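The structure appears right after this line, and notes come after that.
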Amino acid sequence: MKTYLVTGGLGFIGSNFIRHILDKREEITVINVDKITYAANPGNIPNGVKNYRFYKTDIADNVGLSKVFDENDVDYVINFAAESHVDRSIMTPGIFIKTNVDGTANLLELSLKHNVKRFLQISTDEVYGSLGSTGKFSETTPLAPRSPYSASKAAADMLVMSFFHTYDMPVLISRCSNNYGPYQFPEKLIPLAIINALHEKDIPLYGDGRNVRDWIYVADHVAGISLILEKGKPGETYNIGGDSELENIDIINHILDRLNGSHSLIKYVKDRPGHDRRYAMDFSKIASKMGFSPKYGIDKGIEYTVNWYLKNENWWKEILSGDYREYYKKMYEYR
Ligand code: NAD
Ligand code: TDX
């Protein structure tokens with residue numbers, strides 16, 4: 001048996017990763033550490049799953065996290081826990097530093113102390129900054145983050161690498177592009193557009209709507225993470241991408257077409273401050289070294305995602321009835 005300590009496993013990508021591991025790998029026990037912020041949902045992991053233990057703990061809490069390490073013999077650490085929404089980082093940057101920087105530092109220190117065999121930091125393409133209309137980010141592109149969120153993720157990446165150089169700790173970093181799929185919190189563009197379209201409510205599109213993201217279906221990201229855990233070389237960074245660059249307006253049109261929604265729902269609103277224009281990933285390193293390629297194109301990925309939100313109304317209706325309403329009002333009412 002091998003023990004994975006997964007942080008942030010009640011959120012979108014972390015829970016997709018845990019469900020995948022528990023489904024496919026009987027020899028792995030998963031310890032899930034999550035603070036249960038607004039973005040978490042305990043129902044994201046089915047009740048009664050085998051080889052699974054949960055701790056409600058903040059990764060920045062040294063006492064709480066020490067207990068987790070003392071009580072378990074951890075082999076691998078996979079750090080998904082983060083404040084993850086750029087717009088919230090513009091409103092409240094402090095918590096992004098606390099969780100994404102202090103939390104990662106705390107997790108690194110305890111992982112070092114307990115001699116973990118691998119530490120994988122789940123990072124993002126946003127650490128590279130913003131592209132013009134040409135070029136792609138490679139692993140050697142200098143870090144140039146432009147939002148409090150991406151700056152906090154870049155700081156965490158640097159701390160991770162410092163533990164490799166200073167302590168020879170077996171760390172790895174993955175940097176992925178924009179994920180979408182089942183269980184994504186509705187503050188993010190794709191689930192927000194699906195849910196607003198279903199309610200025949202305006203879909204807010206920032207600026208000219210022509211910012212570009214490279215979209216990846218979450219199952220492809222999870223597959224890339226599994227490869228890096230098995231085959232990655234300590235001290236290395238691996239980009240993961242979906243090979244699906246689209247302007248925001250195109251992705252929204254795509255969703256509206258699939259739902260037979262009216263395109264008049266699209267509402268151009270004030271731009272996000274410091275809005276990164278374009279992200280595009282060169283993921284040839286993981287492709288050539290580990291055989292990674294995204295299996296879901298945008299058509300299939302959006303079809304599966306829309307169907308999931310149609311079938312799982314209870315999941316998102318519960319979110320919509322809580323604090324999210326206040327957030328939505330604050331974020332969009334006067335935009
Ligand atoms: P999410 O916001 O859906 O989930 C984050 C989870 O982390 C939640 O369950 C939350 O409760 C938990 N968490 C937050 N602060 C914590 C703390 N201090 N201690 C313990 N748990 C805490 O995020 P996501 O979209 O699933 O992203 C997961 C990771 O992947 C993040 O590190 C993010 O930077 C990275 N990433 C996301 C994307 C994307 O498109 N969503 C793309 C690339 C990388
Ligand atoms: O209401 C909206 N209207 C809009 O036009 C929202 C929420 C977003 N947008 C735009 C902003 C971006 O150009 O859509 C694009 C996607 O926005 P988000 O879903 O907020 O994602 P993004 O800011 O690109 O960041 C995401 O990808 C990288 C994740 O949230 C990060 O966690 C990840 O690191």
Side-chain angles (χ1 to χ4, degrees), residues 6-17 32-42 44-45 55-61 64-65 68 78-90 95-96 98-100 102-104 106-107 121-127 130 145 147 149-150 152-153 156-157 174-181 183-193 196 202-216 218 221 225 239-242 246-249 251-252 266-272 274-279 281 328 331-332 335:
V6 174
T7 70
L10 293 183
F12 166 46
I13 307 172
S15 71
N16 273 283
F17 176 75
N32 181 8
V33 170
D34 199 298
K35 182 182 167 188
I36 316 196
T37 69
Y38 77 90
N41 192 330
N44 287 1
I45 306 293
Y55 288 83
K56 182 178 188 298
T57 303
D58 182 338
I59 58 163
D61 166 11
L65 201 59
V68 178
I78 304 108
N79 185 25
F80 292 92
E83 288 293 335
S84 69
H85 193 36
V86 174
D87 291 325
R88 289 188 195 250
S89 84
I90 295 166
I95 185 66
F96 284 71
K98 180 87 186 133
T99 287
N100 301 0
D102 294 354
T104 302
N106 190 36
L107 190 60
Q121 174 68 5
I122 307 298
S123 185
T124 168
D125 57 0
E126 302 204 8
V127 297
S130 179
S147 74
Y149 163 69
S150 52
S152 69
K153 292 294 289 185
D157 284 9
S174 65
R175 297 196 179 122
C176 190
S177 58
N178 282 59
N179 283 226
Y180 66 99
Y183 299 90
Q184 187 166 32
F185 195 82
E187 66 193 351
K188 307 284 168 37
L189 181 68
I190 288 183
L192 186 147
N196 282 17
D202 284 347
I203 300 173
L205 194 50
Y206 299 163
D208 66 0
R210 301 196 59 189
N211 298 62
V212 173
R213 298 293 183 262
D214 169 11
W215 294 98
I216 183 170
V218 64
H221 185 190
I225 291 169
N239 282 354
I240 305 175
L246 273 134
E247 291 184 352
N248 292 337
I249 179 69
I251 199 94
I252 292 187
I266 297 172
K267 185 180 171 212
Y268 286 89
V269 299
K270 189 160 167 266
D271 209 354
R272 171 187 281 174
H275 194 178
D276 290 338
R277 189 62 178 170
R278 176 172 164 261
Y279 305 142
M281 286 302 244
Y328 197 91
M331 186 69 211
Y332 295 105
R335 199 154 187 146

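In this text the structure is predicted, and so the values were computed from the model without any measurement. Just so you know, ligand 1 is whichever comes first in the structure, and atom 1 is the first atom listed for that ligand.
Judged as a side chain to side chain donor-acceptor pair (under 3.5 Å), and not counting sequence neighbours, Y268 has no contacts.
In this structure, the side chains of N211 and D276 stay at 4.5 Å or more apart for every pair of heavy atoms. Looking at R213 and L189, their side chains never come closer than 4.5 Å, going by heavy atoms from C-beta outward. When side chains are defined from C-beta on, R272 counts as touching I90, because their heavy atoms get closer than 4.5 Å. The side-chain heavy atoms of N32 and Y55, taken from C-beta on, include no pair separated by under 4.5 Å.
Of the candidates C176, S84, G9, S123, the one placing a heavy atom closest to atom 44 (C) of ligand 1 is S123. Between A82, A81, P42, it is A82 that holds the heavy atom closest to atom 14 (C) of ligand 1. The heavy atom nearest to atom 34 (O) of ligand 1, out of those in Y149, F185, W215, is found in Y149. Between K153, R175, K35, it is K153 that holds the heavy atom closest to atom 32 (O) of ligand 1.
A side-chain N or O of Y38 and one of R88 form a donor-acceptor pair less than 3.5 Å apart. No donor-acceptor contact under 3.5 angstrom links the side chains of D125 and S177, judged on distance only.
At least one N or O atom of N179, backbone or side chain, sits closer than 3.5 Å to an N or O atom of ligand 1. In terms of N/O distances under 3.5 Å, ligand 1 is approached by T37. Taking distance alone, with nitrogen or oxygen atoms compared against 3.5 Å, G11 approaches ligand 1 more closely than that limit. Not a single N or O atom of N79, backbone or side chain, sits closer than 3.5 Å to an N or O atom of ligand 1.
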Apply side-chain contact (heavy atoms from CB on, under 4.5 Å) to residues N16 and Y183 and explain how you reach the verdict. CA-CA 8 Å; N16 273 283; Y183 299 90; 4.3 Å; yes

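T7 contributes a side-chain N or O that, together with a main-chain N or O of A81, makes up a donor-acceptor pair within less than 3.5 Å. In this structure a side-chain-to-backbone donor-acceptor pair under 3.5 Å is missing from D271 to D208. In this structure, N179 contributes its side chain and I216 its backbone to no donor-acceptor pair below 3.5 Å. With hydrogens and angles ignored, the 3.5 Å screen pairs a side-chain donor or acceptor of N44 with a backbone N or O of L10. Between the side chain of S15 and the backbone N or O of F12 there is at least one donor-acceptor pair closer than 3.5 Å.
Among protein heavy atoms, atom 7 (O) of ligand 1 sits closest to G8 CA, 3.4 Å. Here the heavy atom of the protein found nearest to atom 18 (N) of ligand 1 is D58 OD1, 2.8 Å. The protein heavy atom nearest to atom 8 (C) of ligand 1 is D34 OD2, 3.6 Å. In terms of protein heavy atoms, atom 19 (N) of ligand 1 is closest to I59 N, 2.9 Å. Atom 37 (C) of ligand 1 has its closest protein heavy atom at I13 CD1, 3.4 Å. Atom 25 (O) of ligand 1 has as its closest protein heavy atom F12 CD2, 3.7 Å. The protein atom (non-hydrogen) at minimum distance from atom 28 (C) of ligand 1 is F80 O, 3.5 Å. Closest protein heavy atom to atom 30 (O) of ligand 1: I122 CG2, 3.5 Å.
By the 6.0 Å contact criterion, NZ on K98 is open, its count of non-hydrogen atoms from other residues, nucleotides or ligands being 12 or less.
Taking CZ of F80 as the reference point, atom CG of D34 lies at 11.5 Å (rounded to 0.5 Å). To the nearest 0.5 angstrom, R277 atom CZ is 8.5 Å from S130 atom OG.
In the vicinity of A39, heavy-atom distances shorter than 4.0 Å reach the ligand 1 atoms 2 (O). Every atom of ligand 1 with a heavy atom of N178 under 4.0 Å away is listed here by number and element: 40 (O). Within the listing of ligand 1, atoms 9 (O), 11 (O) sit less than 4.0 angstrom from a heavy atom of A40. The atoms of ligand 1 that sit less than 4.0 Å from any heavy atom of I36 are 11 (O).
The part of T57 lying near ligand 1 is the backbone, judged by heavy-atom distances below 4.0 Å. The proximity of D125 to ligand 1, defined as any non-hydrogen pair under 4.0 Å, does not occur for either the backbone or the side chain.
At least one heavy atom of S177 lies less than 4.0 angstrom from ligand 1.
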Enumerate, one pair per line, all nitrogen or oxygen atoms of ligand 2 lying under 3.5 Å from a protein nitrogen or oxygen, stating the separation to 0.1 Å; write 'none' if no such pair exists.
{"residue": "ligand 2", "atom": "1 (O)", "partner": "P204", "partner atom": "O", "Å": "3.4"}
{"residue": "ligand 2", "atom": "1 (O)", "partner": "Y332", "partner atom": "OH", "Å": "2.7"}
{"residue": "ligand 2", "atom": "3 (N)", "partner": "P204", "partner atom": "O", "Å": "2.8"}
{"residue": "ligand 2", "atom": "5 (O)", "partner": "Y206", "partner atom": "N", "Å": "2.8"}
{"residue": "ligand 2", "atom": "13 (O)", "partner": "R213", "partner atom": "NH2", "Å": "3.2"}
{"residue": "ligand 2", "atom": "13 (O)", "partner": "N248", "partner atom": "ND2", "Å": "2.9"}
{"residue": "ligand 2", "atom": "13 (O)", "partner": "H275", "partner atom": "NE2", "Å": "2.7"}
{"residue": "ligand 2", "atom": "14 (O)", "partner": "N248", "partner atom": "ND2", "Å": "3.3"}
{"residue": "ligand 2", "atom": "19 (O)", "partner": "L189", "partner atom": "N", "Å": "2.9"}
{"residue": "ligand 2", "atom": "20 (O)", "partner": "R272", "partner atom": "NH2", "Å": "3.0"}
{"residue": "ligand 2", "atom": "21 (O)", "partner": "N178", "partner atom": "ND2", "Å": "3.4"}
{"residue": "ligand 2", "atom": "23 (O)", "partner": "R272", "partner atom": "NH1", "Å": "2.6"}
{"residue": "ligand 2", "atom": "23 (O)", "partner": "R272", "partner atom": "NH2", "Å": "3.4"}
{"residue": "ligand 2", "atom": "24 (O)", "partner": "N178", "partner atom": "ND2", "Å": "2.9"}
{"residue": "ligand 2", "atom": "24 (O)", "partner": "R213", "partner atom": "NE", "Å": "2.8"}
{"residue": "ligand 2", "atom": "25 (O)", "partner": "E126", "partner atom": "OE2", "Å": "2.6"}
{"residue": "ligand 2", "atom": "27 (O)", "partner": "E126", "partner atom": "OE2", "Å": "3.3"}
{"residue": "ligand 2", "atom": "27 (O)", "partner": "N178", "partner atom": "OD1", "Å": "3.2"}
{"residue": "ligand 2", "atom": "27 (O)", "partner": "N178", "partner atom": "ND2", "Å": "3.2"}
{"residue": "ligand 2", "atom": "30 (O)", "partner": "S84", "partner atom": "O", "Å": "3.3"}
{"residue": "ligand 2", "atom": "32 (O)", "partner": "S84", "partner atom": "O", "Å": "2.8"}
{"residue": "ligand 2", "atom": "32 (O)", "partner": "Y149", "partner atom": "OH", "Å": "3.1"}
{"residue": "ligand 2", "atom": "34 (O)", "partner": "T124", "partner atom": "OG1", "Å": "2.7"}
{"residue": "ligand 2", "atom": "34 (O)", "partner": "Y149", "partner atom": "OH", "Å": "2.6"}

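Nearest heavy-atom pair, F185 versus P191, reported as atom, atom and distance to 0.1 Å: O-CG, 3.5 Å.
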